[in-house]
Amino acid sequence: MKTLENLVPKLLEKTRDGSLDWTQGLSDQQFNVPIGKNLISVWSWTSEEDGTDGVSIGIRPINALTMSDAIAFDKYSAQYDKLYELYATARRNALKVDRMIIEVEKDLDELFPF
């Protein structure tokens, strides 16, 4: 049976090559990307019980409010690193970090010395 975990490597690859355009979700820790008729979401979280950090991925039809499936891994899980890498890459994509760095670098190059 296929799981959301199976999608992580391909989502990461397609995010890195610019094929996917992530957007910020309802919170500042959630990022979404529509793919076909579905929406993929990744988000980070901290357990209120013990302060453990984690990341999750979920899938739902675009027009649905409820996730059809979701998985979560805390930082002690073997799968955490790969899912966190997707989360960080999706966040960077959604917030257009690469573009901002290029713009700042250009602005710095245009500054005249005193």
Side-chain angles (χ1 to χ4, degrees):
M1 172 173 45
K2 297 278 185 181
T3 68
L4 283 169
E5 195 174 346
N6 298 115
L7 293 177
V8 172
K10 185 155 275 196
L11 287 166
L12 188 55
E13 172 191 335
K14 294 298 183 181
T15 300
R16 283 185 175 145
D17 75 12
S19 299
L20 297 177
D21 189 25
W22 293 80
T23 58
Q24 192 164 359
L26 297 175
S27 80
D28 62 350
Q29 301 300 315
Q30 179 186 14
F31 301 94
N32 303 317
V33 66
I35 301 174
K37 298 177 183 178
N38 300 294
L39 186 79
I40 301 291
S41 298
V42 293
W43 62 96
S44 68
W45 47 267
T46 301
S47 169
E48 292 180 14
E49 293 177 9
D50 62 8
T52 301
D53 294 329
V55 288
S56 295
I57 183 171
I59 187 171
R60 67 176 171 86
I62 285 180
N63 296 324
L65 298 176
T66 305
M67 290 287 171
S68 300
D69 192 20
I71 54 174
F73 299 115
D74 66 30
K75 67 181 182 180
Y76 302 109
S77 210
Q79 300 90 335
Y80 174 83
D81 288 343
K82 200 49 126 174
L83 187 52
Y84 184 82
E85 186 177 1
L86 174 62
Y87 167 79
T89 305
R91 181 181 186 281
R92 187 177 183 91
N93 176 282
L95 298 178
K96 312 295 185 227
V97 173
D98 290 340
R99 184 182 73 208
M100 286 191 298
I101 290 171
I102 289 168
E103 289 171 0
V104 169
E105 188 175 47
K106 181 181 171 218
D107 291 343
L108 287 169
D109 288 343
E110 292 173 358
L111 290 177
F112 292 104
F114 291 98

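In this chain, numbering begins with 1 at the start of the sequence shown.
At distances below 3.5 Å, not a single donor-acceptor pair connects side-chain atoms of Asp107 with backbone N or O atoms of Glu110. The main-chain N or O of Trp22 is found under 3.5 Å from a side-chain atom of Asn93 such that the two form a donor-acceptor pair.
Rounding to the nearest 0.5 angstrom, the gap separating the CD1 atom in Ile102 from the NZ atom in Lys96 is 12.5 Å. Of the inter-residue distances, the one linking Ile59 atom CD1 with Asp69 atom CG reads 8.0 Å to the nearest 0.5 angstrom. In this structure, CD in Gln30 is found 10.0 Å from OG in Ser56, a value given to the nearest 0.5 Å. Interatomic distance, OH of Tyr76 versus CG of Asp53, reported as 8.5 Å (0.5 Å rounding). Note that NZ of Lys75 and CG of Leu83 are 15.5 Å apart. Values are rounded to the nearest 0.5 Å.
If you chain together hydrophobic residues whose side chains sit under 4.5 Å apart, Val33 and Trp43 never meet in one group. Trp45 and Tyr80 fall into different hydrophobic clusters, where Ile, Leu, Val, Met, Phe, Trp and Tyr side chains are chained together by heavy-atom contacts under 4.5 Å. Grouping the Ile, Leu, Val, Met, Phe, Trp and Tyr side chains by contacts below 4.5 angstrom, directly or via other members, places Ile62 apart from Ile35. Hydrophobic cluster membership is shared by Leu95 and Ile101, with clusters built from Ile, Leu, Val, Met, Phe, Trp and Tyr side chains linked at under 4.5 angstrom. Cluster annotation: Met100 is connected to Phe31 through the hydrophobic network of ILVMFWY side chains, with a link wherever side-chain heavy atoms come within less than 4.5 Å.
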Going through the distances and angles, do Glu49 and Ser47 end up as a side-chain hydrogen bond (donor to acceptor under 3.5 Å, both in side chains)? CA-CA 5 Å; Glu49 293 177 9; Ser47 169; 4.8 Å; no
Evaluate side-chain contact (heavy atoms from CB on, under 4.5 Å) for Val42 paired with Leu11, printing each intermediate quantity in order. CA-CA 11 Å; Val42 293; Leu11 287 166; over 6 Å; no
Between Leu39 and Met67, does the side-chain contact (heavy atoms from CB on, under 4.5 Å) criterion hold? Intermediate values first, please. CA-CA 9 Å; Leu39 186 79; Met67 290 287 171; 5.9 Å; no
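Heavy-atom contacts from other residues, nucleotides or ligands closer than 6.0 Å to CG of Leu108 number more than 12. Summarising the local packing, NZ of Lys10 is surrounded by 12 or fewer heavy atoms from other residues, nucleotides or ligands at distances under 6.0 Å. In the displayed structure, Asp17 atom CG is contacted under 6.0 Å by more than 12 heavy atoms of other residues, nucleotides or ligands.
Taking all atoms of both residues into account, the shortest heavy-atom contact from Pro61 to Asn38 is CA-OD1, 3.8 Å.
Of the N and O atoms on the side chains of Ser41 and Asn32, at least one donor lies less than 3.5 Å from an acceptor on the other residue. A donor-acceptor contact closer than 3.5 angstrom is absent between the side chains of Glu5 and Thr3.
Put simply, the side chain of Thr66 does not reach to within 4.5 Å of the side chain of Arg60, judged on heavy atoms.
Between Tyr84 and Tyr87, the two ring planes are tilted [angle within 30° to 60°].
Here the options are Ile40, Leu12, Leu86, the test is side chain to side chain contact (heavy atoms under 4.5 Å, CB included), and the partner is Leu7; only Ile40 passes.
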